[in-house]
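Data first, discussion second: the structure below is written as structure tokens.
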Amino acid sequence: MAPPSKPEPGRDPNMADRARKLNVVFALTSIAMLVAFTVMIWADYDREWKKYQKDFVRLEIGVTQKQAQQAKDKVPTAQQQALQAELDRAKQEEAQRRDQIKKAQGERDKLEGEWYAIDQNFRFTKAEIDVKRYDYEEAAHKNKGNKDKKLADLKDYEERWEKLRVQLEDVNARKDAKDKEIAQLESTRLDAEKKSKELFGDYNRYEDRLQKIKPGFVTTVRNLPVLDLANPSLKVNQIMPANLQDDVIFSGTPKVDRCTTCHLGIDKKGFENEKQPFKTHPNLAFYLQGPHPIDKVGCTSCHQGRGRATGFMSAVHIPSTAAQEKQWGKDYSKSDTYHPFHFWDYPMMAKGHTEAQCVKCHQGQVEIPKAASLNTGRLLFEKYGCYGCHKVKGWEDLRKVGPDLTKIVSKTSEEWIYRWIKKPSAFRPTRMPQVWDVRTPDQDTQAFLARNNVEANAVVAYLVEKSGRETYPDPPAGDLAQGRKTFETIGCLACHRVGPDRRGVTRPCPTAPRAKAWTRRRSAPTAPTSTARAARSTPAGSTRGCATRRGTGTRRGCRTCA
Amino acid sequence: MLVYFDPWLAGVVFPSLIIVGLMAIPYIDTNPKGNGYFTFKERKVEITLFLFGFLILWVLLVTLGTFLRGPNWNFFGPYEYWDLHKLLALNNVNLSEYFWVKMLHMKLPSGPLGMWIRELPGILLTLFYIGVLPGILAMTRKTWTIKLGSRTFTMTFGLRKYFEKLGPWRYSIFVMLLLCMIALPIKMVLRWTLNLKYIVSLPEIFFNI
């Protein structure tokens, strides 16, 4: 049996029904596509940074209004009134001369038209001269065409040009004269306006700024979806510092910092007390407007983070406190802790850590200004010899901070080495780290403690075994007389005494009576006092060591003086 | 086109119109004459218009632009040496300058509405070209017969016949496409003869025609 033949298109009885179904499918898919398209445009339009920019406009209007008012209040009221009176008087005077001024301005406009025509003719003739000169030089060079005629033509144009130049000078002179005449007629008003401009310079500047930033109908239209492709007021701001690059592994891309898209008040005065992201940068004169200009350094050179980002998360903000981390977790990560964007290798430096980036440019500088933490850190890094284990650029070839142990046994003993390495701080304050017995008491079990001793002993054995021995020659025998002479002349006696010698001591120590009473209370059989010892040991009549030898006063306990 | 028109017209509007216009041809010209056979007599105007657009404005201009334009976009005759240093004065003037400075001996209007007043002649002319001219053409049909020896030539002005044949909608689209197409040679001729740069020149808002 032959299969049923397929009906021909024109003769298919179900075709109309199928077409209706197809129309429904087409309609539904078209609607779905329209919705998807609309959602896509909205998603592209609705950006996080736009909200910040709108908030900042409101903030800036408030701040600028305040600044304008302050600038206005600076001008004394009497001065304002006097200026207003002067302006009114000037306007009255000008009204009386209105016909004269109008006539002069009409003449001035005519002159302007005349000047425009002559100037255009002058410039066009110059262009023609260049063409004629080219034609002539080509003809002369190649000896082709009628070069004499071309030369004559060129001369003719040059003469015309010269005439036009004279005309232009003439019309310029007439224009200047007319300008002076008009200025003379309007001088009173112009003077008053000049004064007003000088007096209200700051105020006018703030007012102009206000007019510029106040949102209105035009601004709204400029910012509508799709229309915002032309010239929107809400737009991404970016800084592209020349010759700076971001390292994106295997290649460098030009640095582009878009941080100012949200941090809109960063380089403006007047936002010092606002919340982030609108706060003014601290110490503007030293950073953005000083030796670190924002257009040359950018933001991420110092702060790190992802400069091209225009969102909080994608810029890789890093919290500086635990509370902030928790809050950001709630606001941005929808969890208890904040999870920063981890696709960027250089997360932003948390507040207070930015100084770490100074060394990028300030390599080899002994002390970096305004970077106290960094300077201290570098000093400690050097002092404790961190570079011994941690390789850091610029610190590679320095000597090691610890002493050479090659001949350690020449000066120390095994016992001493053992005590020293077990607990260096027990011997004296030192930067030598303690390696053993550093666990908390609950961790340090007897087994661990025993093992520590074994390890320390092993290290001692190794050091002693490897140590060379240095032999030192015996010092020469001392000379008693020379020694005494030196002792008495180089100032040892200022602090020390030897034997019964009490030179220079004229009165008891202020704390001596109390000390005496204390010793008496504590010990019944008292040892002979120093005075008694001196009295016993100094032979009668001897003046050795006595200051009175030179007749400078008496001394207690000195027999000669007594 | 970029030599004679502002980039947004020459680069965006006109190319779009050319594509849309070519797509619209079957819907504007529904005359079945000529289907399946070649005829010129029955489709004189249609074929002439098409060939003007295709041969003159496309093929000829591409040929001239390729072979006769030399260094610095200067025009060179056939076999002329392409001299890098050739100079041509480009002393082109806007319509507003012709009107205010050359005709009325006035300065160009300035002030807040200055640019609109300055360009008013050009704006009115453009509005006339795209707004009034189609209406005039729709209402007019004048025919002149010229005898040259034994042959007679008929010249017709006006598109009344087409307005009646196509109806207002199709006629409007047809006439707009036609006027846009003819604007190119008009502008070229004005540049060559009068050194006219722009009919409407509003650089303040980046708009020139």
Side-chain angles (χ1 to χ4, degrees), chain A residues 102 104-145 150 153-154 156-158 160-161 164 167-168 171-172 174-176 178-179 182 211 218 221-222 227 229-231, chain B residues 6-8 11-13 70-77 79-115 117-119 121 191-198 201-207:
Chain A
K102 212 172 172 185
Q105 272 170 346
E107 287 166 0
R108 173 72 174 75
D109 285 354
K110 258 190 190 167
L111 278 175
E112 187 70 34
E114 199 180 326
W115 171 83
Y116 193 97
I118 295 172
D119 180 63
Q120 196 178 60
N121 213 348
F122 177 75
R123 284 183 289 114
F124 284 5
T125 310
K126 177 73 177 76
E128 293 291 352
I129 286 174
D130 291 340
V131 175
K132 299 289 172 200
R133 184 172 290 123
Y134 165 80
D135 287 344
Y136 164 66
E137 283 173 0
E138 276 293 294
H141 178 61
K142 292 177 181 164
N143 217 4
K144 264 187 188 174
K150 283 181 175 165
D153 219 15
L154 173 64
D156 179 41
Y157 266 87
E158 281 177 344
R160 263 194 249 176
W161 192 55
L164 282 166
Q167 281 180 24
L168 197 64
V171 79
N172 272 333
R174 281 187 287 148
K175 249 171 63 179
D176 290 346
K178 203 45 88 181
D179 281 341
I182 295 169
Q211 291 307 319
V218 177
V221 173
R222 278 165 65 194
L227 291 185
L229 64 90
N231 182 24
Chain B
D6 198 50
W8 78 268
V12 180
V13 176
N72 301 321
W73 213 237
N74 281 334
F75 189 84
F76 290 86
Y79 298 106
E80 188 183 339
Y81 173 65
W82 280 16
D83 185 358
L84 266 177
H85 308 290
K86 182 174 177 175
L87 274 179
L88 283 180
L90 294 173
N91 294 337
N92 299 322
V93 180
N94 290 328
L95 184 70
S96 53
E97 288 169 320
Y98 268 116
F99 183 79
W100 295 104
V101 181
K102 298 208 169 176
M103 277 174 65
L104 302 182
H105 302 291
M106 287 170 72
K107 69 163 192 169
L108 290 174
S110 53
L113 287 174
M115 65 174 189
I117 300 169
R118 185 187 72 213
E119 298 304 324
R191 173 72 63 90
W192 299 332
T193 54
L194 299 176
N195 281 340
L196 188 79
K197 194 176 180 186
Y198 289 125
S201 169
L202 292 165
E204 295 90 341
I205 54 166
F206 312 103
F207 182 88

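The structure displayed is predicted, hence computed values, not measured ones. In what follows, chains carry the letters A, B, and so on, assigned in the order in which the sequence lines appear, proteins first and then strands, with residues in each chain numbered from 1.
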ask   = Between B/Val93 and A/Gln120, is any pair of side-chain heavy atoms under 4.5 Å apart?
value = yes

key: Residues of residues 82-90 of chain B with any heavy atom under 4.5 Å of a heavy atom in chain A   = B/Asp83, B/His85, B/Lys86, B/Leu87, B/Leu88, B/Ala89

message = Restricting to side chain to side chain donor-acceptor pair (under 3.5 Å), what partner residues turn up for B/Trp100, sequence neighbours left out?
response = none

task = Under 4.5 Å heavy-atom distance to chain A, tell me which part of B/Tyr81 shows up: side chain, backbone, both or neither.
result = side chain

inquiry  = Check this for me: A/Lys142, atom NZ, are more than 12 non-hydrogen atoms of other residues, nucleotides or ligands nearer than 6.0 Å?
reply    = yes

Most chain A-contacting option - heavy-atom pairs closer than 4.5 Å, from B/Glu97, B/Lys102, B/Met106 = B/Glu97

query = Among all residues two or more places apart in sequence or in another chain, which pass the side chain to side chain donor-acceptor pair (under 3.5 Å) test with A/Glu158?
reply = A/Arg133

inquiry  = To check you understand the geometry: which heavy-atom pair defines the closest contact between A/Ala117 and B/Val101, and what is its length?
reply    = CB-CG1, 3.6 Å

Chain B contact via A/Lys132 - side chain, backbone, both or neither, heavy atoms under 4.5 Å = neither

ask   = Can you name the side chain to side chain donor-acceptor pair (under 3.5 Å) partners of A/Asp130, sequence neighbours left out?
value = A/Lys126

remark   = If one checks every heavy atom of A/Phe124 against chain B at 4.5 Å, the contacting part turns out to be both

key: Under 4.5 Å from any heavy atom of chain B - which part of A/Glu114   = neither

query = Which bit of B/Leu104 is near chain A, if near means a heavy-atom gap under 4.5 Å: side chain, backbone, both or neither?
reply = neither

task = Flag yes if more than 12 heavy atoms outside B/Lys197 fall under 6.0 Å of its NZ atom; otherwise flag no.
result = no

request  = Please flag which part of B/Asn195 lies under 4.5 Å from any non-hydrogen atom of chain A: side chain, backbone, both or neither.
outcome  = neither

Where B/Asn91 and A/Ala127 come nearest, the two heavy atoms and their spacing = OD1-CB, 3.5 Å

